[in-house]
Every structure is written in structure tokens, then in C-alpha cells.
Amino acid sequence: MKANDRIAAPADSTKGSFEVKVGLARMLKGGVIMDVTTKDEAKIAEDAGAVAVMALERVPSDIRKEGGVARMAPVERITQIQEVVSIPVMAKARIGHFVEAQILEQLKVDFIDESEVLTPADGANHIDKAPFTIPFVCGATSLAEALRRIGEGAALLRTKGEAGTGNIIEAVRHLRLIHKEIRELSVTPKDEWMARAKHLGAPYHLVAEVAESGKLPVPNFAAGGIATPADAALCMRLGAEAVFVGSGIFKSDDPAKTAAGIVRATAQFEDAAVLVEACRETGSPMRGMSMESIPESERLQTRGW
Amino acid sequence: MKIGVLALQGSSEPHLQSLRNAGETPVAVRQLPHLDGLTHLVIPGGESTTLWHLMNLFGLWDEIRERHQAGRLALFGTCAGAILMGRDDGQYPPRWGVMDADVARNDYGRQSDSFTANLPLTGLDGGSFRCVFIRAPRFVRVGDELEVLAWNEQDPVLVRGPGFLAATFHPELTDDPSIHRLFMEVDPSLAHRLDSLPVTGR
């Protein structure tokens, strides 16, 4: 078959459907998605077994330290990263900044993260995600927030955790809360679903779907504070289907080793012998911050609703 | 017959569910001992680079190839799984070289070009199968001993060969278990070493 004989999909095929968006999310399960700011970091991530990379301007711990307005990564940086890796490339857009999202769609990134790590662009509204041809991932701290984002068209959720801290406590809290709320909803009688939807502030049809199936309609990954192989395995044990690692890799003393260790631990999260191997191959983690040292007003997880 | 699904990364759970829907009791394969007694193994979609990395790390890469070539383990590769089964052409990631075909990664484009299509399938009772293509690879050459069971325009998308089945789409993402049933009919003992074969086909 010669290259010029080839054509794309047939005329009756469907692109950009919710089904193909969630399909990609399902392909990422059991994997590690790594924050990268340069093409060299992207290559290190791919070689360590990352399932995707997330292109951003600065990693969360630097955003936290340096302050200022954090925006979508520079276009040429995203393009360079797309050129050096063959795995999916994600990129972050500011909450509510649908034009940054359109630019990322035009660049054909594989997933957009509408992220609280960047400075929000709209204090009232998130992006209307359904019309886009590429999928979105959004952070959620509770079931209500998760269902609102799915209602807007998100194909994947992640915990917000507290990005840039190297502290897992908030991601653990969000995972446990979401699963507790799903369990409670799954035993709620049907004649109370509308009242639950009102209380949660979430679309009724999604409340009904979770109540009936006992699970979210899209995958839920962990993010925010994962710094070691043990952190990643803990999130998987608590029901996360994959993990995002931000500052945890490129702020450790040996990024390639830390990346490989977290990949190993995520794939075999139930096997303590493998986790020991993963710890052995990993460098020293980032130092990290206690939650008490971060005032409520500076917590990234409070951005968005 | 005992069937397993490689469950290190990717679309393993939907495959396990499809097999349960087809009346099987599949096992999840993460480590070498999980291969014991298996006659059939699904290599799911996911990232081919990650799957290669993890299989290599946990000693599964060589073992799966050896069992297949010894006629003990039938393989069904979907998407990333089909990529890994193809001819080893020196590109990253390495390929098993157990299927006389060349499979090009992400050849329809990035995620914005992912699509679904209803395609007719040879060997199934009537009707079409809804095929979900996610950052799909493309068969750019298919050897003479392979039988193409479904086409998307000029592209083979489901092929059957001695001891294996391979698809560039995701039959596990739809409710229809008929392709999984086809895999259960594959005879592992027909598999043979490919390195003695010339490169053939279109």
C-alpha cells in the first residue's frame, strides 16, 4: 500500500464524539501522566514509561513559589514537545478560558486540562467543553463538582489534591470523599434523587446515572501532591485509575529514576515486593510542604467550583 | 482453554468485561505466574511504549513471545497490542515480530482524528460492528498468510493469522462480544516462528 493511496476515515465516520473522548481516557488507565515544561523533559518522561505528558509553562511548585499569572504554555513549546514524543500530549488551559482551549484544539493536543493550577480566567464559569473535538480533563474535590464538570462535557476527571506541595493528604481526602458520596448515592432510593441533585447542585441525569451504576460515567485519576511511588500506589489503592504527577518528578533529585519508579509502582500497586523495587530505584523526593503552611486563600484547590 | 488479559496498563478492564459477557472467566495478567495454564491472551490498547516498557520490566515480553511461537499461547492484539505484534522494523517501541504485517503507530493522526465507524465483518452473522478507533495505528502491509476480516476503506482493520487475531480498533469498548468469540476459536498450536518467513503481501 503506497502512502498516497491512503485516505482518512470514511465519510460516515464520527469524530469528536463523547465516546471517542472517553475512549482515550480509558486507554490511559494504569498509567502515569507527567508534567513537563520542555522537550527534553518530555523525552525523559516518555523513556521512563509515561503514558502521556502534560505541557505547561512552569510546574506547580514553581508557580506557587514565583507567583504572578500562570497561563497556557507557549505555543512553540507545545509544538516542540509534540515533535519529540509519540505518546499523547496534553496541555493546560485556564479555568473558563475557552480561547486558550481553542488554540490548544487547533494545535491538536490530545487532551486539554482545564486546570486550577493556572490562574483562573473566569470567576463564574468553566469552559463549555462538549463542542470541542478533543477531550477535556477537569479537577474535582467532590462528587458534586465532578458531575458539574461532566455536565459541561469533561471526558475525564482527576482529584485536585493540592498541586505543587508534594503532600498527598488532599488528593487522598478528595478520592475518599468522592467514593464515599458515590457509595451513599448508590443506596439512595429513587424518589430522593431529585432532592440529592438539588442538594449537590449537579445535573439530575448524572445523579441518576451514578445512583444506578454505582460509578462515575468517566474515569477518575489522582492528581495533586504525588511525589513518591508509594503516593502513586496509595492513590491507586483508593480507587484512582491512573495518576498525574506534576512537580514530583522534575523537582526530585533524579527525575528519570523517580519517573521510572512511579511508573513501576502504578502498574503493580497491589504488590508490596514490586513497590520496594520501585522505591529502591527512585531518587530523593521533592521536599514538600505541610498544608498548615498554606493559607486558605493560597490553596489552588479552592479555584473553580 | 484458559484466557487472560494483559493488565499492566490500558484498556484491560473492558476486555475482561467483554470476555465475561461472552461467558468466559478471564484472568488479569500482571506477572509471570499469571501466564501459567493460559492458552489465549489479549494484549489490550493503551500506550504501546508504556506496555513494552512494563512487559520488559516484569519479564513478560520475551516469555509471551516464546509461548506464542511454541504454539502454546494464542494472541489477540487490539490497537497498541496489534502494534507490538507486528514486524520489528527497528522503530520505537520494539515489536514482537510474531505477525507478518507492518503496523504504523498513530497513523490516522492525533486524538482529534479518532473516530467511530460501522464496518461489515467477515465471518460474523450479518450486520456491521461499531468500531472505535482511538489514535489508531494502521496496517500498512499485511502478509499473504493473513486473512483480512474487516476493512475501513482501503485499510485492513481486523486480521486473522496462524494463532492470532489483531485489530486496530477497540472491540472491548462496545457491548458486542462477537470478536472476542472469534478469538476463542483461534487455535494456539498453529502459531509458528516468523523469522523464517520472507516479507510478503501488499
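Below, chains carry the letters A, B, ... as their sequence lines are ordered, and counting in each starts from 1.
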Subject >> Exam field: side chain Thr50(B) to backbone Ala50(A), donor-acceptor pair closer than 3.5 Å >> reply: yes
[X], [atom1]: over 12 other non-hydrogen atoms inside 6.0 angstrom:
X: Lys215(A); atom1: NZ; result: no
X: Phe98(A); atom1: CZ; result: no
X: Arg20(B); atom1: CZ; result: yes
X: Asp175(B); atom1: CG; result: no
X: Lys108(A); atom1: NZ; result: no

Please give me the minimum heavy-atom distance between [X] and [Y], naming the atom from each residue.
X: Leu173(B); Y: Gly23(A); result: CD1-CA, 4.1 Å
X: Pro135(A); Y: Gln111(B); result: CD-CG, 3.5 Å
X: Ser86(A); Y: Asn106(B); result: O-ND2, 3.1 Å
X: Phe58(B); Y: Arg264(A); result: CZ-CG, 3.7 Å
X: Ile87(A); Y: Arg135(B); result: C-NH2, 3.6 Å
X: Met27(A); Y: Gln9(B); result: O-NE2, 2.7 Å

Subject >> Closest-packed option against chain A by number of heavy-atom pairs under 4.5 Å, given Val132(B), Leu57(B), Leu51(B) >> reply: Leu57(B)
Looking at [options], which makes the most heavy-atom pairs under 4.5 Å with chain B?
options: Ala52(A), Pro88(A), Ser17(A); result: Pro88(A)
options: Ala242(A), Ala48(A), Gly31(A); result: Ala48(A)
options: Glu105(A), Glu277(A), Lys29(A); result: Lys29(A)
options: Lys21(A), Gln82(A), Glu241(A), Glu46(A); result: Gln82(A)

Sort [X] into side chain, backbone, both or neither according to what part of it lies under 4.5 angstrom from a heavy atom of chain A.
X: Leu8(B); result: both
X: Ser11(B); result: both
X: Arg110(B); result: both
X: Gln91(B); result: neither

Original post:
Can we say Asp271(A) and Arg30(B) salt-bridge, meaning some charged N sits less than 4.0 Å from an Asp/Glu carboxylate O?
Top reply: no
Subject >> Partner residues of Ile3(B) under the side chain to side chain contact (heavy atoms under 4.5 Å, CB included) criterion, sequence neighbours left out >> reply: Leu19(B), Glu24(B), Pro26(B), His40(B), Phe183(B), Met184(B)
**OP:** Output the distance between atom NZ (Lys15(A)) and atom CG (Asp113(B)), rounded to the nearest 0.5 Å.
**Re:** 4.0 Å
Original post:
For Val263(A), is it the side chain, the backbone, both, or neither that has a heavy atom closer than 4.5 Å to a heavy atom of chain B?
Top reply: both
Original post:
When you look at Gln268(A) and Leu54(B), which way does the side chain to side chain contact (heavy atoms under 4.5 Å, CB included) test go after all the steps?
Top reply: CA-CA 10 Å; Gln268(A) 307 264 6; Leu54(B) 291 170; over 6 Å; no
